Amino acid sequence: MGNSQQMPTMNSLNSSPDDETTSLLNNMGTASKSTASSSDITISTLAESPSNDAESQCSDEVMKKRHAWLLPFFINIFLACASFSIVMPSLSPYLLEVGASMSYLPWAVASYSIGEMIGSVAIGTFYEFATHAFSLGRGPRYSMIMCICFGIVGSTLYASAAWVDSSYTAQYFIVAGRFLQGVWTGGQQAIEQAYISAAIEPSKRVEFTATLSTCAVLGFVAGPTIGALLSMIDTTVLGLRIGANNAPGLFILLANTVMLVQTALFFDGKDDCTGERVKEADEEDQVDSSSGNSEYKPFNYMGVAVSMFLFYIHYYSFAVQETIITPLCSVLYDWDPIEVNLLFTCAGVLSLITSFAVRLLARYVEDRILLVASIVIGFIGSAFLMDLPFNLPVWRFLAGFSMVTVAFPIGRNVVLGIFGNVLGPMNQGRWMGAMIAISAFPRIVGPFIALELLEMVRWKTWLEFGICACLFFVVFALVMQNIDLLVPYEDFLDDFEKNVKQHGRNQLQDVYSPIPSPIIGRRPVVRKPRAQG
């Protein structure tokens, strides 16, 4: 027993992502009480076992062997992010092609984020319901398939706008298509993050989130490249014209079809056992209630609130940057579109390098240290972008832009990992949906606020980036004040139990559970009480 938990070797740390993932999952959990070799337990033997029920499939030994969900997630995330970035360069020309007014451009852009907000909450809620209502594996699988179907309908509407005679109808096809595409990507993100929290142990969630984010960045970078190739298309198929502007919609339709097929074939959803655990917890609650032994289980409200606020600040900073950098470069430095595109290409490469770095650092550095680092880097970068005391030289602009670019992937990956840990061993569908919705909201209001602030001070940057710097400073103080609450739920529960022994349960109940959040539909599933002596 003493040798059952060994530190990972240097070979495992330097292995490829698939090898590293296999090694990681083979070392998760506690030592098995069975005398059988772990190599004897495979998915095929489970299928042949007469006792192939939910409990056996959620055992520690089985979870060690299961990592097949990573490949479908890698493919889905890459295609979803490529589908997002492939549309943006051709969106405004597409509106002009169908005869729509350019006044619809903000609506076409905002409709995606609005759909992302609604889809993340709605599909995240359905994910939680389905995981509890259906048998093991079907809830996550049905949720992902339903989510992709929204993308298929949305991409069909978007591509077919060019085939509609009425410009009035065509512009609504584009807006509705972008909205449904947002529903798809918002729901997909909520499902993926909730599934990671269920399938991966707390100490590795940041690392796995960063690994998946690497696929996202690759998709963002690949999208414009694919779009440039599609821009050369000008043909007619079955009487329907396919050109540079609606070809991205057809690519997204193809991508959704590939995602649907490979999800149906390769994603079984059986790594999320929270539905089975909730059923067990509900049965225990009924027994405890009937016997009068029900136990109060606290919820880490402050840890959840701090994580959400920090997530919003990082996304607000990101929304400001992606909105105003292009016009700012033209006004301040007279850059042409080629130079601006080169800047954003370098930003994509820098984000990719940062995601790789976070994945590596998460093995050696505590999550909360990375969290604080993201805030500090974001604060310094925002301060660099302020044109004080006189102007904003190019070197300082590039330094500030680079630091804000680096702060975002660090903050996003680490906050999501910590958020999953803070929530604990519960189904996190609705919570992750709410988190993704929070990230979409700044991209709806951020562009309007950023441009208004720039125009108020005649295109000076001190007001906009001064506000960003202040927000980072405020969230830094908030995080440092509550740093002890940004821990896995098990640690939070241990601390609560220790305080109960010192101060009594009645006094602490008001401290640990203020006004209940309306989004909470069920208490967290926590560890069973330790057996008494």
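Predicted model only: the values in this text are computed from it and were never measured. Sequence positions, counted from 1, serve as the residue numbers for this chain. Side-chain atoms are counted along with the backbone in the values below, which use heavy atoms only and exclude waters and symmetry mates.
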request  = Mark yes or no for whether Glu207, through its side chain, and Ala362, through its backbone, hold a donor-acceptor pair below 3.5 Å.
outcome  = no
ask   = Does atom CZ of Arg138 have more than 12 heavy-atom neighbours, drawn from other residues, nucleotides or ligands, at distances under 6.0 Å?
value = no
key: Heavy-atom pair of closest approach, residues Thr405 and Ala347   = CG2-O, 3.6 Å
Non-hydrogen side-chain atoms of Ser307 and Met435 separated by less than 4.5 Å = yes
query = Hey, would you say the Trp431 and Tyr127 ring centroids sit under 6.0 Å apart?
reply = no
task = Run the ring-centre check on Phe311 versus Tyr315 and record whether the distance is less than 6.0 Å.
result = yes
message = Walk me through whether Glu497 and Asp494 qualify under side-chain contact (heavy atoms from CB on, under 4.5 Å).
response = CA-CA 5 Å; Glu497 291 172 350; Asp494 286 338; 3.9 Å; yes
query = Mind checking what makes ring pair (Phe, Tyr, Trp, His ring centres under 6.0 Å) contact with Phe384, not counting sequence neighbours?
reply = none
query = Taking everything shown except Tyr312 itself, do over 12 heavy atoms lie less than 6.0 Å from its OH?
reply = yes
task = Check the surroundings of atom CZ in Phe309: do more than 12 heavy atoms from other residues, nucleotides or ligands lie under 6.0 Å from it?
result = yes
task = Taking atom CD of Gln481 as the centre, report whether more than 12 heavy atoms of other residues, nucleotides or ligands fall under 6.0 Å from it.
result = no
request  = Start with the C-alpha distance between Gln189 and Glu116, add both sets of side-chain angles, then the distance that settles side-chain hydrogen bond (donor to acceptor under 3.5 Å, both in side chains), and finish with yes or no.
outcome  = CA-CA 9 Å; Gln189 291 178 76; Glu116 193 174 18; 2.7 Å; yes
Glu490 and Asn421: CA distance, side-chain angles, deciding distance, side-chain hydrogen bond (donor to acceptor under 3.5 Å, both in side chains) verdict = CA-CA 9 Å; Glu490 290 79 3; Asn421 294 346; over 6 Å; no
Parallel, tilted or perpendicular: rings of Phe73 and Phe267 (30°, 60°) = tilted
ask   = Below 4.5 Å, heavy atoms only, C-beta onward: do Thr185 and Tyr112 meet side chain to side chain?
value = yes
inquiry  = With heavy-atom distances below 4.5 Å as the criterion, would you say the side chains of Phe492 and Pro298 are in contact?
reply    = yes
